[in-house]
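Step one of this worksheet: look at the structure below.
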Amino acid sequence: MSDVERPDAPDRDTLLQMFEIQSRIKLCDERFRSMLMSGQIRLIYYSPRGQECISAGWGVHLRQSDYVVTIYRGLHDHLAKGVPLRELWAEFLGRATGTCKGKGGPMHVTHPESGLMVTTGIVGAGIPIANGFGLAAQLSGTDQVTVVNFGDGASNIGAFHEGMNLAAVWKLPVIFVCQNNLYGEHTPMSMSTGVEYISERAAAYGMPGVTVDGNDPIATWKVMGEAVERARSGGGPTLVEARTYRFWGHLMGDAMEYMDKAERKAAMAADPVVLYRAWLIDNGHATEAALVEIEEQVTAAIDDAVEFALNSPQPDASELYTDVFGDESAAMLNGASR
Amino acid sequence: MSEPRIMLTGMAINEAMDIAMTLDPKVFLLGEDIAEPSGGVYKVTKGLSEKHGLHRVRKTPISEQAIVGAAIGAAIAGYRPVAEIMMMDFLAVCLDQVTNHAAKIRYMSGGQTTVPMVIRTSAGAGMGFGAQHSAMLETFAVHSPGMKVAVPSTPADAKGLLLTAIFDDDPVLFVEQMMMYWDKSYAGEVPAGDVRVPFGKAAIRREGADVTLISYGRQVHDCAAAAELLAADGVSCEVIDLRTLVPWDEAAVMQSVGRTSRAVVVHEAVTRCGFGAELSSRIHEELFGQLSAPVQRVGSANTPVPYASNLEADFIPTVADIVAAVQRTQG
Ligand SMILES: Cc1ncc(C[n+]2csc(CCOP(=O)(O)OP(=O)(O)O)c2C)c(N)n1
Ligand SMILES: [Mg+2]
C-alpha cells in the first residue's frame with residue numbers, strides 16, 4: 001500500500017477492526033516465536049506471519065454464528081474468528097484449560113462457541129467438511145456461511161476437486177479461501193501446480209473464482225465481502241485465491257534453503273501489517289497514538305493469556321481415555337487401559 | 001579389519017535407496033519434497049536427487065492418490081517405484097490405491113500383472129504432533145491380503161529389509177518410526193554394499209528361558225530394556241524381533257514360546273486388533289495346552305494420539321508396561 005487514499009476502503013470502524021485482528025495475529029506470532037527461540041516453550045509451530053490480511057479480510061464480514069474451517073497453519077484464522085486468547089494459548093501449550101483440554105493441540109484447535117469448527121492437519125481435508133457445514137445451513141434455512149481456509153498445495157489434492165464440484169452442484173454457502181503463500185512445505189507452487197492462478201480452477205467446477213492480492217487488506221476485504229454476500233444470499237460458493245507469503249517458512253526451525261533469499265527479503269520488507277498501519281496514519285484514518293493504544297491492549301491481552309496458559313496444569317492423566325466416544329462406560333473402553 | 005560402520009537409521013535407509021538405484025535403472029523414487037534442496041522433510045532422501053537425477057528422484061505435488069497410483073502403474077509396467085507417503089496417517093488419503101489396487105492386482109489378474117512397489121512411510125507418536133501425524137497403521141496393510149509389511153528396528157535391518165522390499169515382486173509397506181531416524185540411541189552397525197535381510201525371518205535379539213517377548217520396530221528396544229530390568233529380578237526373557245509382519249516368522253515364535261511357555265506381544269499400534277491380537281491368537285491356537293499363562297498384549301491405548309506431552313507419554317507403551325505384562329505371566 002502507499003499513501004494514496006483508497007476509494008474502495010470500508011468505513012473507519014471496519015478499518016480499525018481489521019487492524020486489531022492483524023495486530024493480534026502479528027503480536028501473538030511474535031510472542032510464540034520469541035518464547036520458542038528462548039526455549040520457554042516447546043511445540044511444532046507453523047507461523048502464519050505474512051498472511052494476516054487474509055484472515056482479517058474475511059474476519060470482519062463474519063458473524064459469530066458463521067463457520068470457519070482451517071489448517072495446521074491456523075493461528076491467524078483462529079484469532080480472526082474470535083477464538084479467545086487464553087484458551088487458544090493454553091491449547092497450543094497442551095494445557096487442561098485449552099480449547100480442547102490440551103488434547104487436540106495447535107493443529108486441531110476447535111472452538112464451536114466462536115464458530116471455529118475444525119482445524120485439520122491433513123492437507124485438503126477441510127474442504128469436503130466445509131461443504132457439510134454449508135449443507136447444514138442450507139437444509140436448516142439459516143443464512144450462515146462457511147469459510148474454509150487452505151493452502152496453494154492443497155489445491156492439488158483430490159479432496160479439493162471433489163469438494164469444489166459438490167459445492168457448485170449444490171450451490172452451497174461456502175467460501176473457499178486458498179491462502180496462496182507460493183509454497184507447499186518445501187516445494188514452490190510452480191513445481192507442483194499446472195496453472196498460474198489457482199482461481200482458474202473454479203471455472204472447471206462452475207463457480208466464480210477470483211485472485212486477489214492477499215497482502216492488500218482493502219482489496220481482500222472487498223473480495224471477501226462479495227463472496228460472503230453471494231453465499232449468504234443463496235448465490236452459492238466462490239473460490240478466492242489470496243496471494244501472500246510465509247515469512248518463516250513451513251514450520252519453525254525450517255532452514256528455508258529452498259526459498260529464494262531475495263524473494264523472502266522483499267516480502268518481509270513489504271510487511272502487509274506494517275504497510276497497512278502506515279497507510280491508516282498517512283491517510284488520516286487513525287492517529288499513531290490510537291494505533292499504539294490498540295497494540296498495547298492486544299499486548300496486555302497476550303501477556304494475560306500467556307500467563308494463564310503457563311500457570312494452567314497439563315490435562316489429568318484420566319483424560320487420555322475420555323472423549324473417544326460419547327458413551328464412556330467401561331464397555332466402550334474395553335482394553336483401553338492396556 | 002576396518003572400523004565398524006555405525007549409522008543412524010535415516011542414513012541407512014538413504015543408503016538402501018542409493019544402492020538400489022545404482023544397481024537397477026528401473027528403481028525410482030517419488031514423493032513430496034523428496035528432491036533437493038529439501039531432501040525430504042526428515043532428510044532421508046538427502047543427496048539422492050543430485051546423484052541419480054530429478055527424473056529418478058521425483059518430487060510430486062501434495063497428491064497421495066496420484067503418488068501411489070503412479071507407482072502402481074509404473075510397477076505393473078516393469079519399474080520398481082519407491083513411493084514415499086510422508087506420514088503414515090496420510091495413507092488414509094490413498095488407501096483405495098493400496099488396499100483395492102496394489103494389494104489385489106496380482107490376484108485379480110490371475111497372476112498376469114504384479115506390483116513390485118514399495119510405499120515407505122514415517123510413523124509413530126512421541127514428537128508432539130497430535131492425533132493426525134502420529135499413528136501406527138500397519139494393520140491397514142496387514143488386512144489387505146497381497147501387501148507385505150516390514151517394520152525395521154535397527155539401521156542394519158532398515159537397510160537390508162528395504163533392499164529386499166525394493167527387489168521383491170510384490171507391493172511392500174515399509175514403516176519407518178520417525179523417532180528412530182536421527183536419534184543416536186538407535187544407531188547401529190550397518191554392513192556395506194548390497195546386503196539384504198530376508199522377509200519372514202525373525203531375529204532373536206536376546207535369548208531367555210522364562211518368557212518370550214515378541215515385538216517389531218522401535219518397541220523391540222523397549223523389550224530389550226524390560227528384559228534387562230527383569231533379569232535383575234531373576235526373570236529370563238527371550239526377545240524376538242519379527243522384522244516383517246507379512247510374512248511373519250511363525251516357526252521362530254512357536255519354537256520360542258513352546259520352550260518358555262509364556263509370551264508377551266508388544267507394539268506401538270493401538271492394542272485393539274493390533275498385530276499383537278493375531279500373534280496372541282495364533283500362539284493360543286498352536287500351543288494352548290503348553291502355555292503357563294495367557295498371552296499378554298502391550299500396545300498403545302485404544303484412543304487417538306493426544307497432544308499434551310503427559311498424555312502422549314501415557315499413550316505409548318512404556319518399558320514399565322512391558323515389565324508389568326511379563327509379571328502378569330508369572331506365578
Ligand atoms: C494429505 C497430506 N499430505 C501431506 C501432508 C504434509 N504436509 C503438511 S503441510 C504441507 C504443505 C501444504 O502446503 P499448502 O497447502 O500450500 O499450505 P501452507 O502450509 O503453505 O499454508 C504438506 C505437504 C499432510 N499434512 N497431509
Ligand atoms: Mg502454501
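Heavy atoms only: backbone and side chains are in, while hydrogens, waters and symmetry mates are out. Just so it is clear, the model here is predicted, and its values are computed rather than measured.
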What part of Thr193(A) is in contact with chain B, defined as an atom under 4.5 angstrom from a non-hydrogen atom: side chain, backbone, both or neither?
neither

Would you sort out whether Arg262(B) and Gln330(B) count as a side-chain contact (heavy atoms from CB on, under 4.5 Å), showing the intermediate values?
CA-CA 8 Å; Arg262(B) 295 178 173 90; Gln330(B) 304 293 300; 3.5 Å; yes

Leu43(A) side, atom CG; Phe129(B) side, atom CZ - distance, nearest 0.5 Å:
11.0 Å

Measuring heavy-atom distances to chain B, does Tyr45(A) have an atom under 4.5 Å in its side chain, in its backbone, in both, or in neither?
neither

Given a strict heavy-atom distance threshold of 4.5 Å, which part of Met86(B) is in contact with chain A: side chain, backbone, both, or neither?
side chain

For the pair Arg33(A) and Asp29(A), find out whether any cationic side-chain nitrogen is under 4.0 Å from an anionic carboxylate oxygen.
yes

For side-chain contact (heavy atoms from CB on, under 4.5 Å), just list the numbers for Met127(B) and Met179(B), CA-CA rounded to whole Å, side-chain angles, deciding distance to a tenth of an Å, and then say yes or no.
CA-CA 7 Å; Met127(B) 309 272 292; Met179(B) 295 280 285; 3.7 Å; yes

Counting only non-hydrogen atoms closer than 4.5 Å, does Val41(B) touch chain A with its backbone (N, CA, C, O), its side chain (CB onward), both, or neither?
both

Return the option, out of Asp89(B), Val93(B), Leu311(B), with the maximum number of heavy-atom pairs under 4.5 Å with chain A.
Leu311(B)

Do you know which of Gly105(A), Pro315(A), Ala317(A) has the most heavy-atom pairs with chain B at a distance under 4.5 angstrom?
Pro315(A)

Ring geometry between Phe90(B) and His133(B) (parallel below 30°, tilted from 30 to 60°, perpendicular above 60°)
perpendicular

Greatest number of non-hydrogen atom pairs under 4.5 angstrom with chain A, of Ala35(B), Gly130(B), Ser38(B), falls to Ser38(B)

In plain terms, say whether Lys46(B) and Glu36(B) are close enough for a salt bridge, that is, a side-chain N and a carboxylate O under 4.0 Å apart.
yes

How would you list, in number order, the residues of residues 61-74 of chain B that have a heavy atom less than 4.5 Å from chain A?
Pro61(B), Ile62(B), Ser63(B), Glu64(B)

Could you walk me through whether Trp89(A) and Phe32(A) satisfy the ring pair (Phe, Tyr, Trp, His ring centres under 6.0 Å) test, starting with their C-alpha distance in whole Å, then the side-chain angles of each, then the deciding distance to 0.1 Å, before giving a yes or no?
CA-CA 9 Å; Trp89(A) 268 85; Phe32(A) 270 116; 3.7 Å; yes

For residues His267(B) and Phe275(B), establish whether the separation of their ring centroids is below 6.0 Å.
no

Which portion of Asp316(A) sits near chain B, non-hydrogen atoms under 4.5 angstrom:
backbone

When rounded to the nearest 0.5 Å, the distance separating CZ of Arg297(B) from OG1 of Thr271(B) is 6.5 Å

Please round to the nearest 0.5 Å and tell me the distance separating atom CD of Glu162(A) and atom CD1 of Ile157(A).
10.5 Å

Look at Lys101(A), Met191(A), Glu185(A) and state which one has the largest set of heavy-atom pairs under 4.5 Å with chain B.
Glu185(A)

Taking Glu257(A), Arg95(A), Gln314(A) one by one, which has the highest count of heavy-atom pairs under 4.5 Å against chain B?
Gln314(A)

Looking at Lys59(B), Met87(B), Glu312(B), which one has more heavy-atom pairs under 4.5 Å with chain A than the rest?
Lys59(B)

Answer with side chain, backbone, both or neither: which region of Met189(A) has an atom nearer than 4.5 Å to a non-hydrogen atom of chain B?
neither

Only pairs of heavy atoms separated by less than 4.5 Å count here; which of Asp323(A), Asp254(A), Leu93(A), Thr187(A) has the most with chain B?
Thr187(A)

Just say parallel, tilted or perpendicular for the rings of Tyr46(A) and His250(A), cut-offs at 30° and 60°.
perpendicular

Side chains of Tyr181(B) and Glu176(B): any donor to acceptor distance under 3.5 Å?
yes

